[in-house]
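Written out below as structure tokens is the structure these notes cover.
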Amino acid sequence: QVQLAESGGGSVPAGGSLRLSCTVSGDNYSNMCVGWFRQAPGIKREGVGSIAPSTGSPRYVDSVKGRFTISQDDAKNTVYLQMNSLKPEDSAMYYCAAIHGVSYCYPTIRESNFGLWGQGTQVTVSS
């Protein structure tokens, strides 16, 4: 059974950094597209970025380009979300998700495409 586990959330002041981890168990993540999403209270969950570990090419939404970086560690079956220059509007519950059985990611990060989800980790950025 494939499972995703996020870690690394916390509280930081504006301008600070956090690194989130998403560890995949139950299968090699080269058979997946792994995405990062976030959801603030009262707001629809939105995609942040994605990566197909088999290609190592990440994609980002415009609001985080230049500030967030997705990377991977094949030895640990883990995808990271490095978040720099954090803003209060980045505060949200962050989730990693996966599309299982593919070696690519779709051009658009669409929640409905992702069938596997982690439990989420909270990120709070104070002004």
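For this chain, numbers begin at 1 and follow the sequence in order.
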Legend entry - Arg38 to Tyr95, cation-pi by 6.0 Å centre distance and 45° axis angle: no
Inset, instruction - For the residue pair Glu46 and Gln39, establish whether any side-chain heavy-atom pair is separated by less than 4.5 Å. - result: no
Legend entry - Face-on cation placement of Arg59 at Trp36 ring, 6.0 Å and 45° thresholds: no
Inset, instruction - Over all heavy atoms of both residues, which pair between Pro88 and Ser127 is shortest? Give the atoms and the distance, please. - result: CG-CB, 3.8 Å
Inset, instruction - Treat each ILVMFWY residue as a node, draw an edge where side-chain heavy atoms are under 4.5 Å apart, and state whether Tyr80 and Leu18 are in one component. - result: no
Legend entry - Aromatic ring pairing Phe114/Phe37, orientation class (parallel under 30°, perpendicular over 60°, tilted between): perpendicular
Inset, instruction - Indicate yes or no: at least one non-hydrogen side-chain atom of Met83 is less than 4.5 angstrom from one of Val123. - result: yes
Legend entry - Heavy-atom side-chain contact between Val102 and Asn31 under 4.5 Å: no
Legend entry - Closest approach of Ser7 to Thr121 (non-hydrogen atoms, all atoms of both residues): C-OG1, 4.3 Å
Legend entry - SB check Lys87 Asp90 (cutoff 4.0 Å): no
Legend entry - Flag side-chain contact, heavy atom, 4.5 Å: Tyr104 against Thr55: no
Inset, instruction - Determine, using the 4.5 Å side-chain heavy-atom cutoff (strictly less than), whether Leu20 and Ile109 are members of one ILVMFWY cluster. - result: yes
Legend entry - Distance, nearest 0.5 Å, that separates CG of Asn77 from OG1 of Thr23: 8.0 Å
Legend entry - Closest heavy-atom pair and its distance - Ser30, Ser54: O-CB, 3.7 Å
Legend entry - 4.5 Å side-chain heavy-atom contact, Ser17 and Gln82: yes
Inset, instruction - Return the minimal non-hydrogen interatomic distance between Leu4 and Cys22, and the atom names on each side. - result: CB-SG, 4.2 Å
Legend entry - Sequence-distant partners of Ser25, side chain to side chain contact (heavy atoms under 4.5 Å, CB included), two or more places apart: Gln3
Legend entry - Side chain to side chain, Val79 and Tyr29, heavy atoms closer than 4.5 Å: yes
Legend entry - Short side-chain donor-acceptor distance under 3.5 Å, Thr78 and Asp73: no
Inset, instruction - Measure the CG-OG1 distance between Asn84 and Thr69 for me, rounded to the nearest 0.5 Å. - result: 6.5 Å
Inset, instruction - Ignoring hydrogens and angles, tell me if any N or O in the side chain of Glu6 forms a donor-acceptor pair with the backbone of Cys96 under 3.5 Å. - result: yes
Legend entry - Residue pair Gln72 / Ile51, side-chain heavy-atom distance below 4.5 Å: yes
Legend entry - Nearest heavy-atom neighbours spanning Tyr60 and Ile70: OH-N, 2.8 Å
Legend entry - Any Phe68 side-chain heavy atom under 4.5 Å of Val48 side chain: yes
Inset, instruction - Kindly compute the distance separating OG (Ser63) from CD (Glu89), expressed to the nearest 0.5 Å. - result: 9.5 Å
Legend entry - No-hydrogen, no-angle side-chain donor-acceptor test under 3.5 Å, His100 and Asp27: yes
Legend entry - Criterion side chain to side chain contact (heavy atoms under 4.5 Å, CB included) on Tyr106 and Ile99, from CA distance to verdict: CA-CA 10 Å; Tyr106 297 108; Ile99 306 171; 3.8 Å; yes
